[in-house]
Peer 1: 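Sharing a structure here in structure tokens format.
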Amino acid sequence: MDGSFKPGKEVSRAEAVKMVLSAMGENPSRTSRSSFTDVPLSHWGLKWIEAALELNIVSGKNFYTFAPDNAMTRGEAAKIIVEGLLEME
């Protein structure tokens, strides 16, 4: 995420997680572990994904993968927005 506005661009799962957590006022610290085999420790979104997982806002595509760079579907977006709002209550 470079902060620029690109309304026609798809949003990745990692980008969406960061947007929702940022809107919630979260600023997770670095983490030294990854719950998913496809999110390496070097991935820019790791700390956001792990924080969202801990808050039960997201889940993986399956037990082992998160697919951080895949485009987020409307259904997935709706879920994390709702879960984020519920977490804020």
Side-chain angles (χ1 to χ4, degrees):
M1 278 178 56
D2 64 7
S4 61
F5 180 65
K6 297 176 184 170
K9 181 186 175 293
E10 291 181 330
V11 174
S12 74
R13 289 171 49 84
E15 290 169 334
V17 165
K18 181 180 179 185
M19 286 188 269
V20 170
L21 264 62
S22 293
M24 293 171 57
E26 296 288 329
N27 187 14
S29 57
R30 288 182 183 225
T31 184
S32 60
R33 68 174 181 88
S34 177
S35 299
F36 301 105
T37 58
D38 63 344
V39 184
L41 295 178
S42 60
H43 193 283
W44 70 265
L46 175 64
K47 70 179 187 175
W48 299 97
I49 294 165
E50 290 296 328
L53 186 64
E54 189 173 310
L55 293 169
N56 294 313
I57 292 172
V58 296
S59 57
K61 291 298 238 178
N62 59 47
F63 188 73
Y64 301 104
T65 62
F66 185 77
D69 300 318
N70 286 10
M72 177 159 276
T73 67
R74 289 184 186 125
E76 292 169 335
K79 179 191 181 299
I80 69 166
I81 291 167
V82 169
E83 295 294 338
L85 289 171
L86 291 173
E87 183 66 31
M88 290 174 62
E89 289 186 340

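In this text the structure is predicted, and so the values were computed from the model without any measurement.
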Peer 1: Using the rule given for side-chain contact (heavy atoms from CB on, under 4.5 Å), can you reason through K79 versus M72, listing the C-alpha separation, both sets of side-chain angles and the distance that settles it, and then say yes or no?
Peer 2: CA-CA 11 Å; K79 179 191 181 299; M72 177 159 276; over 6 Å; no
Peer 1: When rounded to the nearest 0.5 angstrom, what distance separates NZ in K18 from CD1 in I49?
Peer 2: 12.0 Å
Peer 1: Going by heavy atoms in the side chains, are L53 and W48 under 4.5 Å from each other?
Peer 2: no
Peer 1: What is the distance from atom CG of L21 to atom CG of L55, rounded to the nearest 0.5 Å?
Peer 2: 6.0 Å
Peer 1: Given E50, which of S35, S29, S32 fulfils the side chain to side chain donor-acceptor pair (under 3.5 Å) condition?
Peer 2: S35
Peer 1: Do V39 and W44 belong together in a cluster built from hydrophobic side chains that touch within less than 4.5 Å?
Peer 2: yes
Peer 1: Give the intermediate values and the outcome of side-chain contact (heavy atoms from CB on, under 4.5 Å) for residues K9 and E15.
Peer 2: CA-CA 12 Å; K9 181 186 175 293; E15 290 169 334; 3.4 Å; yes
Peer 1: Are V17 and L41 linked, directly or through intermediate hydrophobic residues, by side-chain heavy-atom contacts shorter than 4.5 Å (ILVMFWY only)?
Peer 2: yes
Peer 1: If you round to the nearest 0.5 Å, how far is CZ of R74 from CD1 of I81?
Peer 2: 12.5 Å
Peer 1: Are K47 and N27 close enough that some pair of their side-chain heavy atoms sits under 4.5 Å apart?
Peer 2: yes
Peer 1: Within this structure, what is the CG-CD distance for the pair N56 and E87, rounded to the nearest 0.5 Å?
Peer 2: 7.5 Å
Peer 1: At what distance, to the nearest 0.5 angstrom, does OG of S59 lie from CD of E76?
Peer 2: 8.5 Å
Peer 1: For the residue pair I80 and R13, establish whether any side-chain heavy-atom pair is separated by less than 4.5 Å.
Peer 2: no
Peer 1: Where is the tightest heavy-atom contact between A71 and E10, given as atom of each residue plus distance?
Peer 2: CB-OE1, 3.3 Å
Peer 1: Taking a hydrophobic cluster as the set of Ile, Leu, Val, Met, Phe, Trp and Tyr residues connected by side-chain heavy atoms closer than 4.5 Å, whether directly or through intermediates, do V58 and L85 fall within one such cluster?
Peer 2: yes
Peer 1: Taking T65 for its side chain and D38 for its backbone only, find out whether a donor-acceptor pair lies under 3.5 Å.
Peer 2: no
